[in-house]
Every structure is written in C-alpha cells, then in structure tokens.
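In what follows, a single structure is set out as structure tokens and then discussed.
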Amino acid sequence: MAKSLPKRSEDYSLWYNEIVKRADLAEHSAVRGCMVIKPYGYSIWEKMQAEIDRMFKETGHTNAYFPLFVPKSYLSKEADHVEGFAKECAVVTHYRLKNADDGSGVVVDPEAKLEEELIVRPTSETVIWNTYKNWIQSYRDLPILVNQWANVVRWEMRTRLFLRTAEFLWQEGHTAHATKGEAEAETKQMLDVYAEFAECFMAMPVIKGVKTESERFPGAVDTYCIEALMQDGKALQAGTSHFLGQNFAKAFDVRFAGMDGKVDYVWGTSWGVSTRLMGALIMAHSDDQGLVLPPKLAPIQVVIVPIYKTDEQLKSIRKVADQIRTELRSSGISIKFDDRDTQSPGWKFAEYELKGVPLRIAIGPRDIENGTVEIARRDTKEKATYQTSAVCDAIRGLLDEIQSNIYRKAFDFRSDLTTKVNTYDEFKEALDGKGGFVMAHWDGTVETEEKIKAETKATIRCIPMDQEEENGHCIYSGKPSKGRVVFARAY
RNA sequence: CGGGGCGUAGCGCAGUCCGGUUAGCGUACCUGCUUUGGGAGCAGGGGGUCGCAGGUUCGAAUCCUGCCGCCCCGACCA
C-alpha cells in the first residue's frame, strides 16, 4: 500500500520528477515543455518571491512591468545578444484566426500577417533599454533601479520541470548608471542579495563567482553567478547578475549629459533568478520520503494531526490544538490543524512528510490524558513528547534548528564533494568518482575549457570571488595559473 | 535534431507478438458498516469515442498505412 518514491540512489532523475508530481508542486501541461505550477508549488514560489522582493526594495529597487512582445528588430541591435537567443525564440507572425473553409476548425488568417514579427521575450534587455532611452537625458535621471516579475519563453530543446521549462517565471532587474564603478557595484550587490537569499532562506550554500567568457550572458561584459551543488553531485546555476558595460546603451543609443556637460553612454546591469530556484530547493534537501523544506520557505510550517475515536476525544484535542494554533500564529508561524475525518492519521503523516512540512504535532487521547503532545521533525524524523505548556517555545526553537540543520547538512555535503586536484587524471577521477565541485588550475583560455568540456562534460562553473592566490599549473595544458577555478558537471 | 519509450477509466498499468464472448487489474471515486498512535478492512457500486484518420476482415485495442502528441536519454542551452 505504501506509495514510496523512487530512491535517489537508484535513479536521481526519476526521483526528482516523481517528487515534483507527488508533492503536488507541478505537472506537465498539454503544451510541450511547459508546466502547470500547482497551488502547493506556487505557494512556495510566492514565499520565495516575497523575500526576494523585500530584499530588492531594501536595496532601493522598485517594480515595473514591460511588454511580453519584443519587435524582432530590437533583438538584433546587440550582436552577441541576438546570437545567444535567436535559436530559442517563439515568434508571433499573425494576429487573427478564422474558421477553416472545410469546417475543420480555426486556421491562421493569412490576411492578418504582422508587418514586423514579434518575439515572445526570452529576456527583456532590448525592450527595456529601448524604453530607458526615453527616460534618460541627464545624470539627474540616474540611476534607474527597476525590477520586473514576469514570464519569459525560451524554446529549449529539452526541458525538465522547474529546472528548464519553455516558459518560466522569474524576476529580471535592469539598472542604469552614470558610472562604470556604480554599475559594477550594483552587479555585485545583487549577487550578494541572491547569495544571502539562497543561504539564509533556502538553506542552500552557494559559491559566488564570475563566469568565464564562454559561459557569459550574451551581451554582458561580465556575468557573476551563484552556483549550488545538488545531491547527485551536479552543479546548478541558481542566479546570475550581469555587468552590461555600455553594450546595451550603445545598441539603443542611451546617452546622458554628465555634471561636466559631457555626453556619454549609460552603464547597465541586469540580474535574475527564476522558478529554477524551486528545482534547486527540491534537490538541495529532499529525501526518499519526499520534500524537505526550510522552515523559512515552507507554506505550512507546522501541522497538527488529531488522533481520535470519539467526538468527545476530538473535542478535547481541538481545545488543545486551538490554543497552540492561536499562540503560534501570533508569533507569525503558519500552522494548520488537519481535522479532516476523511483521511486516517497514518495517511496524513505520510502526506505531510511528502510535502515537506517541517514539524508535525500529533495529539491523541493518550496525550490529552498526560497533558502532552508528540512533535515530529521532518528533517531528522525524530519524534519527542512535550508538555503541552512547553509546546510553543519548543516549536519556535525547533523551526530555527531545522533551518540551520539543513543548511549545515547541505554545507557538509558540499564540503565532502569539493575536491582539489592537481592533475588531469585526478580531475577525471574526482568527476567520475564522487562528482561535485572540482577545484583545479586552468590556463584561462577558451580552448582548454572547451577541450575539457568535450572530454569530460565538466564545465567551469565560475572563477570564485574568494579565490585564493596560488601558483600552479593548468591541469590540461600545464601552463601557469594563479588560482583554482570551480569545475563540475552541471544541470 | 539523433536514439529509446509511451498513448487503453482521474492516475498508474496489463492485454497487442498469435484478431474472436460483455476490454481487465491496482489505485482513486460513490454508498454502507466496522475502523483511526505510520498511507485501514469488508461488502456493494459508478466510470472507457482503447491518441487521431483511413484500410484489411464475418469480426480490430490487437494486423497494415499515414498522421498527431507526450515522456526519457543524448546533442544544445541565460
């Protein structure tokens, strides 16, 4: 009867797909590569959004909204940008349908062809810089610190729920500055925001770094990123922040008069995180029983399950449950009392485990008699009995403890799977053995990077920002190097 | 785009090779009774254009032709 998940150790990819569906996070839609985000999954995304949005506001940003459609000509104004995105764009060519002559349904009306095709945005730099052109004349108009929450479409060849879908939800920040230094500082600030969110809320340690030239965002001068490690030893890019230099300002002719009266191009940044974070969250902590959610992002932090035979028993359990619920709610904890009599307690236990609810309180006749409740932790599966009077304090403490425990667990896991290597043989051995992050010297050339990728499927995830200076030799070419970079096989 | 798989009840599948009563199983759903400290038991019940179109045949989920769609692996990819 137990409907167990596939085991991570046996088929990680199958486990991932199943957990997404079984925990009611998302499902495939009728359209290839697109997903339906279900209410429970969406409520986790909303928790993420709320925190990220708060952090944006705290750093001086405001939200706006730009159109879904990008005129085709805009995309080609920045050469690298169009090169990077052209192959995965959805294109709108017509604006009307009509009934087919043979009665077979509706067909595209050939009379209704658009003069200029519209691209469904894969990202919004072009529309936004075209707009900024009109917003900026002088240094007094700068900086512009705008973010938008939106959906974008990238026609990916192969998709995976949350990790890579044809349409996805994200936020994209687009800022404009008077100086290079200010734009660079903004790029790094937002990277810090992402890293803080990942570590403090998702309980997921990340490496901050810079992308190599070949992994850079099309149109950027520098791409900064946070890289996380998943339980199967593969890396996941969890967020990026781009220093755009004056590239888009030049492409869209966005100039401003400085204090000294001289006219110059504006400096730009863009940065984003997406529903891919949901995938990261799932893979960072969950186990073979289901989701494990960090308390700070769990839509339901505590669930109370009553165990009873008679209405009388339920009545006295409800009294205790209501008391606990009222007190915890007043300290901002989200708590659900599941008194449905349509499901058995055992069913509920399994269900809330699958959904990653951090704490479960069970109250039965035995507890009522003893003035106790049973609390079970999702992360360690430990159960303990508490005096009813001590429950609320215990819960508050346990939520904090779970948050830091799963972070520590993920951190230790990453430490175990981070290997320093000095030769190409050691490199391949580490990759094929335990996987994870492999720290190695690299000669700084695209050629070497490409050869390593072709031979091992490992890419340079980033050049870490806290890179230690260390003289060494490139594992591939033997040429001198001044520090290690992070290699991994990645999603 | 290459390789593999799948399409039969809400979901998961068997049946297809070798055509033949009324298309079956698990689960979910509905009703009733008994249950409830780890996915309850028993009894009864409802639910199907077998992906679509055409063909062969007395007869097609099953054979033939064409088409459509989705998933997985790979190549590709902020």
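The structure presented is a predicted model; accordingly, all values stated were derived computationally and were not measured. Below, chain A is the first sequence line, B the second, and so on; all start at residue 1.
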Taking a pair to mean Watson-Crick or G-U wobble geometry with both distances below 3.5 Å, A43(B) pairs with U31(B)
Calculate, to the nearest 0.5 Å, the distance between atoms CZ and OG1 belonging to Phe217(A) and Thr123(A) respectively. 4.5 Å
Using a distance-only test with no angle check, is there a side-chain donor-acceptor pair under 3.5 angstrom linking Arg276(A) and Thr165(A)? no
Ala350(A), nearest nucleotide to its side chain (from G37(B), G39(B), C71(B)): G39(B)
When you compare the protein's N or O atoms with those of nucleotides 73-75 of chain B, which come within less than 3.5 Å of each other, and at what distance?
from, atom 1, to, atom 2, distance (Å)
C73(B), OP1, Ser13(A), OG, 2.8
C73(B), OP2, Arg158(A), NH1, 2.6
C73(B), OP2, Arg158(A), NH2, 2.3

If each of Val31(A) and Pro345(A) is mapped to the nucleotide of RNA chain B with the nearest heavy atom, which maps nearer the 5' terminus, i.e. the 5' end? Pro345(A)
Closest of C72(B), G39(B), G38(B) to the Glu351(A) side chain is G39(B)
Under 3.5 Å, is there an N or O donor on one side and an acceptor on the other linking the side chain of Glu353(A) and the base of G38(B)? yes
What nucleic acid atoms does Phe217(A) come within less than 4.0 Å of, heavy atoms only: base, sugar-phosphate, or nothing? sugar-phosphate
List the steps, then state whether ring pair (Phe, Tyr, Trp, His ring centres under 6.0 Å) holds for Phe487(A) with Phe427(A). CA-CA 9 Å; Phe487(A) 282 91; Phe427(A) 178 82; 4.9 Å; yes
Looking at every strand, decide which applies to Gly290(A) at a 4.0 Å heavy-atom threshold: base, sugar-phosphate, or nothing. nothing
Relative to the ring of Phe252(A), is the ring of Phe248(A) parallel (under 30°), tilted (30 to 60°) or perpendicular (over 60°)? parallel
What do you reckon, are the aromatic ring centroids of Trp271(A) and Phe56(A) less than 6.0 Å apart? yes
Among the nucleotides G39(B), C77(B), G37(B), whichever has the atom closest to the side chain of Arg164(A) is C77(B)
Using a 4.0 Å heavy-atom cut-off across all strands, classify Pro122(A) as base, sugar-phosphate, or nothing. nothing
Here's a test for you: under side-chain hydrogen bond (donor to acceptor under 3.5 Å, both in side chains), which of Lys381(A), Gln231(A), Arg8(A) qualifies with Asp287(A)? Lys381(A)
5′-ward residue of the pair Ala376(A)/Gly84(A) relative to RNA chain B: Ala376(A)
Does the side chain of Ser344(A) get closer than 4.0 angstrom to OP1 or OP2 of G39(B) through an N or O atom? no
Whole-Å distance between U27(B) P and Trp347(A) CH2? 16 Å
Let's test this: given Watson-Crick or G-U wobble pairing with both distances under 3.5 Å, identify the partner of C77(B). none
Atom CG of Leu314(A) and atom P of U36(B) are separated, to the nearest Å, by 15 Å
Counting distance alone, no hydrogens or angles: does the base of G37(B) have a donor or acceptor under 3.5 Å from a partner atom on the side chain of Lys309(A)? no
Select base, sugar-phosphate, or nothing to describe what Glu374(A) touches, counting heavy atoms under 4.0 Å on all strands. base
Grab the CZ-C1' distance between Phe85(A) and C76(B) for me, whole Å please. 14 Å
Rounding to an integer number of Å, can you tell me how far Glu83(A) CD sits from C77(B) C1'? 13 Å
Categorize Gln343(A) for me: base, sugar-phosphate, or nothing, with a 4.0 angstrom heavy-atom threshold over every strand shown. nothing
Check every strand shown and say whether Thr123(A) touches a base, only sugar-phosphate, or nothing at a heavy-atom separation below 4.0 Å. nothing
Describe the nucleic acid contact of Arg340(A) in one word from base, sugar-phosphate, nothing, applying a heavy-atom distance below 4.0 Å. nothing
Expressed as a whole number of angstroms, how long is the span from Glu27(A):CD to G12(B):P? 10 Å
Please report, rounded to the nearest Å, how far the P atom of C72(B) is from the CH2 atom of Trp15(A). 16 Å
How is Phe168(A) classified with respect to the nucleic acid when contacts are heavy atoms under 4.0 Å: base, sugar-phosphate, or nothing? base
Where does the angle between the aromatic ring planes of Trp15(A) and Tyr12(A) fall among parallel (under 30°), tilted (30 to 60°) and perpendicular (over 60°)? tilted
Figure out the CG/P separation between Asp288(A) and G38(B), and round it to whole Å. 21 Å
Now, which nucleotide makes the Watson-Crick or G-U wobble pair with G12(B), with each of the two distances under 3.5 Å? C25(B)
Counting only Watson-Crick or G-U wobble pairs whose two distances fall under 3.5 Å, which nucleotide matches G7(B)? C68(B)
